[in-house]
Amino acid sequence: MAKKLACALSLMILIWWPALRLRSAGKELKPEFHTSDRCFACHNELTTSSGRDISIGLAWRSSVMANSSRDPYWQASVRRETVDHPEATKDIEDECSVCHMPVVRYQAKLEGKKGEIFKHLPFDANDKGSTAAQDGVTCSVCHQISNENFGTRASFNGGFVIESPKVKDNRPEYGPFVVTPDRQRIMNSSTGGFQPTAAQHIRDSAMCGSCHQLYTTARGPGGKDVGYLPEQMPYLEWKHSDYPEKNSCQGCHMPEVQEQVQISSVLGIPRTGMHQHVFVGGNFLMQGMFNRYRDELSVAALPQELTTAAEGTLAFLQSQSAKVELRDVQVNGDTLHAQVLVENLAGHKLPTAYPSRRAWLHFTVHDRDGRIVFESGRLNLDGSIVGNDNDVDPSRYEPHYREITDADQVEIYESILGDSERHVTTGLLAAIGYLKDNRLLPTGFDKQTAEKDIAVVGEAVDDPNFGAGRDLITYSVALGGGEGPFHIEVELMYQPIAFRWAHNLEPYKTAESQRFVGYYEAMSSGSATVLARAEANR
C-alpha cells in the first residue's frame, strides 16, 4: 500500500512539473523531449512472479545507453580528435554528439546549429541543456522515433526522424502495446503532452541501426573531408547473416520476460512480451568505471545497480557470445598438434562496433608436473597481450594465422585501422579503411559477397577455415622436453578497450585524455574476460 501511495504522489507531482521543451520562433510544431525522470514514477517497481526486479527505469539508468554522455573514453577520444584536427572542431563535436548527446544535438539541428559537447561538461544541474545532455540516450528519444527512413543510409549516423506532433500536447510516444484511453490521459498529463501510441516499428532492428550503423568522416590537412570510415557496422553485419530470420537486435540485447508482467506500476495490466531495458552489450569495463568513478562522472545510478548491470553484461557475454572446441589433439614426439574451433554465437561480427574491441585465443599446454611448456596469448596485468606486435609497437599489428607454431604468435580477432598512407592508427578521423578485419563472422555471412563496408580484410580472406560462424586454427607447438600426460586449455578472451587504444591517448595532455588513461591503468587487470573455454588431456 505504501508503495502505491508513493507512486500516486509521485505521479501527482509530475503532472505539475514543466516538460523540457524546445522553443521555436515559428508556428510549426517541433519535436520536443523530456528527461527520464518523467518516466520513472510509473515504469519502476516492476517485478516478475518470482520477485525479480524488471523495472524499466532502474535497468535503463545503469546501462551504457543512459550513461553515453558520461563515457570518459568517448570524451577523451573526441578531445583527441579536436586536437588532431582543430580546424574541424565544430564539425567533430557535431558528428560525435549525434548518438552520445542526442537530445541537445537534435535540438541544435532543428535550430540550424551544430551539436556541442564540451559546452555541457561538466554537467550542471541548473542548466537545462546540461541536464538534457546528462540524460544520454533517454526514453523520449527512442520512443519518439518514427519509421520514416528505417534501414536506409539516410537513417544511419543518428539520422533518425523524431515524429512531429499534428496537434499541440499530443506528441506520439511509441511502444509495442495498445494503451487504453484512460491510461493515455494519465501519461499525457504526467509528461506534458506525450501520447502513448502503439507501433511495432519500435521492435525493428533498423531502429537500432540508426545509431549503431556509424560512418565517420576522415579528415585531411586543414580538417578537409577526405573520405569516410565504416566505423561501426553491426546492423549491416546482421543483415548479411542469417539472423534476420532468427532474431532481432532487441531480441538479444533487450531480453524478453517469459511471462505476463505489468509495464507500469500505476494502473498497469499484465502484458505478454515485455522486453527488459538492460541493453546488455559488450562494455562491462565501462560499467565498472561508472561505478568506481561515479562522483567524478556525475553518475546517477546507484552502486548496486551498476554492479548488477556489469554482472549481467558478463553473464550475457559468457553464455551467448561464443563456443570453443579442441579437436584432433595429438602428441608426436616433442610436438603437440591440436585444432581449435571457434564459433560465433552473435548475430554480427565478434567483436563488433567500436574498433577498440578485440577477442583472442589464449592457448596453454601444461606437462604432467603442471609446468607450462607452451603458452600463446597470455594477458599481462596492464591489459596488453604477450606476443602481440601492436601492443609493443603501435606501427605494427598481429596478422591472422592459419597455424600457430611459436609462443610469440597470437590469434587475435580484431579490426586494425589504416590512414591514407596505410599506417596503423587509432585516430578514427585519420582512418579511411582497415588493414585487417578478421573478426569472427556470424552464421550465414558470406565473406565473398559482403559489401566493402563489412568485408573481411587481410589474410582471413583466403583462409578456407575462416568463414560463416567459425574459424578453425591449428596449433603445432614444441613441448620443450616436458613429459606427459599433457593438459591443454584454450580460452577465447575478450577486451572492450584494447591496450593500444587506451595508451595511444597518453601523449595528449588534455584533462579528458589523462583522466581516462589513469582510469584504464587502475582497472587494466580487469579489462578482459573469458568468453568460452575448452580443455583436453593427452
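Note: hydrogens, waters and symmetry copies are ignored here, and every other heavy atom, side chains too, is used.
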Is any side-chain heavy atom of Asn465 closer than 4.5 Å to a side-chain heavy atom of Ile473?
no
Does any donor atom in the side chain of Tyr354 or Asn283 lie under 3.5 Å from an acceptor atom in the other side chain?
no
His503 side chain vs Val517 backbone, donor-acceptor pair below 3.5 Å:
no
Would you say the side chains of Ser415 and Lys349 form a donor-acceptor pair under 3.5 Å?
no
Between His348 and His253, what is the ring plane arrangement, given parallel below 30°, perpendicular above 60°, and tilted in between?
parallel
Less than 6.0 angstrom separating the ring centers of His240 and Phe445, yes or no?
yes
For Tyr215, is the NZ or CZ atom of Arg153 found under 6.0 angstrom from the centre of its six-membered ring and inside 45 degrees of the ring axis?
yes
Side-chain donor or acceptor of His201 paired with backbone N/O of Ile145 under 3.5 Å:
yes
Would you please test Ser205 and Tyr235 for side-chain contact (heavy atoms from CB on, under 4.5 Å) and show each step?
CA-CA 7 Å; Ser205 292; Tyr235 175 68; 4.2 Å; yes
4.5 Å side-chain heavy-atom contact, Arg292 and Tyr519
no
May I ask you to decide whether Arg533 forms a salt bridge with Glu535, counting only side-chain N to carboxylate O separations under 4.0 Å?
no
Using 30° and 60° as the class limits, which term best fits the ring planes of Phe279 and His277: parallel, tilted or perpendicular?
perpendicular
For the backbone of Arg61 and the side chain of Asn67, can you confirm whether one donor and one acceptor N or O come within less than 3.5 Å of each other?
yes
Would you say Gln75's side chain and Ser69's backbone share a donor-acceptor pair under 3.5 angstrom?
yes
Can you tell me how far the CG atom of Leu531 sits from the CG atom of Leu350, to the nearest 0.5 Å?
6.0 Å
Please tell me if the side chains of Arg327 and Glu325 come closer than 4.5 Å, counting only heavy atoms from C-beta onward.
yes
State, yes or no, whether a side-chain contact exists between Glu305 and Asp53 at a heavy-atom distance under 4.5 Å.
no
In terms of relative ring orientation, are His400 and Phe466 parallel, tilted or perpendicular, with 30° and 60° separating the classes?
perpendicular
Kindly indicate whether the side chain of Val103, heavy atoms from C-beta on, has any atom under 4.5 Å from the side chain of Val141.
yes
Do Glu414 and Tyr397 get their side chains close enough for a donor-acceptor pair, meaning under 3.5 Å?
no
Separation between CD1 of Ile92 and CZ of Arg80, rounded to the nearest 0.5 Å:
11.5 Å
Distance (rounded to the nearest 0.5 Å) between Cys208 SG and Ile202 CD1
9.0 Å
Take His423 and Ser395 through the side-chain contact (heavy atoms from CB on, under 4.5 Å) test and state the conclusion after the steps.
CA-CA 7 Å; His423 294 151; Ser395 68; over 6 Å; no
Indicate whether any N or O donor in one side chain lies under 3.5 Å from an N or O acceptor in the other, for Thr529 and Gln318.
yes
Any donor-acceptor N or O pair under 3.5 Å, side chains Asp135, Thr35:
no
Shortest non-hydrogen separation from Ile404 to Ser376 and the atoms involved:
CD1-OG, 4.3 Å
Do other residues, nucleotides or ligands put more than 12 heavy atoms under 6.0 Å from Lys447 NZ?
yes
Backbone N or O of Gly136 within a donor-acceptor pair of the Ser68 side chain at under 3.5 Å?
no
Please check: side-chain N/O of Glu93 versus main-chain N/O of Ile117, any donor-acceptor pairing under 3.5 Å?
yes
In terms of side-chain heavy atoms, does Thr138 have a donor or acceptor partner in Ser140 at a distance below 3.5 Å?
no
Test the Arg203-Phe177 pair against the cation-pi criterion, namely NZ or CZ under 6.0 angstrom from the six-membered ring centroid and within 45° of the ring axis.
yes
For Pro442 and Gly347, work out which heavy atoms get closest and say how close.
CB-C, 3.8 Å
Taking the inter-plane angle between the rings of Phe363 and Phe374 on a 0 to 90° scale, is it parallel (under 30°), tilted (30 to 60°) or perpendicular (over 60°)?
perpendicular
Compare all side-chain heavy atoms of Gln320 with those of Val280 and state whether any distance is below 4.5 angstrom.
no
Using only atom types and a distance under 3.5 Å, with no angle test, would you say the side chain of Glu256 pairs donor to acceptor with the backbone of Gln258?
no
Donor-acceptor contact below 3.5 Å, side chain Asp382 vs main chain Ser524:
no
Ile385 and Ile412: CA distance, side-chain angles, deciding distance, side-chain contact (heavy atoms from CB on, under 4.5 Å) verdict
CA-CA 10 Å; Ile385 303 171; Ile412 306 177; 4.2 Å; yes
When rounded to the nearest 0.5 angstrom, what is the spacing between CD in Gln213 and OG in Ser155?
8.5 Å
Can you name the nearest heavy-atom pair linking Leu505 to Ser513, along with the distance?
O-CB, 3.7 Å
To the nearest 0.5 Å, how far apart are CG in Asn44 and CD1 in Ile54?
11.0 Å
Side-chain H-bond candidate by donor/acceptor type, Thr425 with Asp419, under 3.5 Å
no
Heavy atoms only: give me the nearest Val410-Tyr401 pair and the separation to one decimal.
O-CE1, 3.3 Å
Output for pair (Asp242 CG, Asp446 CG), nearest 0.5 Å, gives 12.0 Å
Ser55 and Trp60, any side-chain heavy atoms less than 4.5 Å apart:
no
Would you say Asn157's side chain and Gly159's backbone share a donor-acceptor pair under 3.5 angstrom?
no
Looking at the rings of Tyr106 and Phe160, which for Trp means the six-membered one, are their centres under 6.0 Å apart?
yes
Using the rule salt bridge (Lys or Arg N to Asp or Glu O under 4.0 Å), only one of Arg500, Arg396, Arg358 pairs with Asp391; which is it?
Arg358
List the steps, then state whether side-chain hydrogen bond (donor to acceptor under 3.5 Å, both in side chains) holds for Thr216 with Glu95.
CA-CA 8 Å; Thr216 46; Glu95 185 174 12; 5.3 Å; no
Asp328 side chain vs Gln330 backbone, donor-acceptor pair below 3.5 Å:
no
Determine the sole option in Met286, Gln134, Arg294 for which the side-chain contact (heavy atoms from CB on, under 4.5 Å) test with Arg70 is passed.
Gln134
Begin from the C-alpha positions of Leu341 and Val324 and carry the test side-chain contact (heavy atoms from CB on, under 4.5 Å) through to its verdict.
CA-CA 6 Å; Leu341 176 66; Val324 294; over 6 Å; no
Measure up the Trp74 and His100 rings against each other and bin them: parallel (under 30°), tilted (30 to 60°), perpendicular (over 60°).
parallel
On a heavy-atom basis, the closest approach of Leu379 and Ala528 is CD2-CB, 3.6 Å
What I'd like to find out is whether the side chain of Ser77 reaches to under 4.5 Å of the side chain of Leu428, using heavy atoms alone.
no
Do His366 and Thr364 have a side chain donor and acceptor closer than 3.5 Å?
no
Residue pair Leu236 / Glu451: nearest heavy atoms and the distance that separates them
CD1-OE1, 4.1 Å
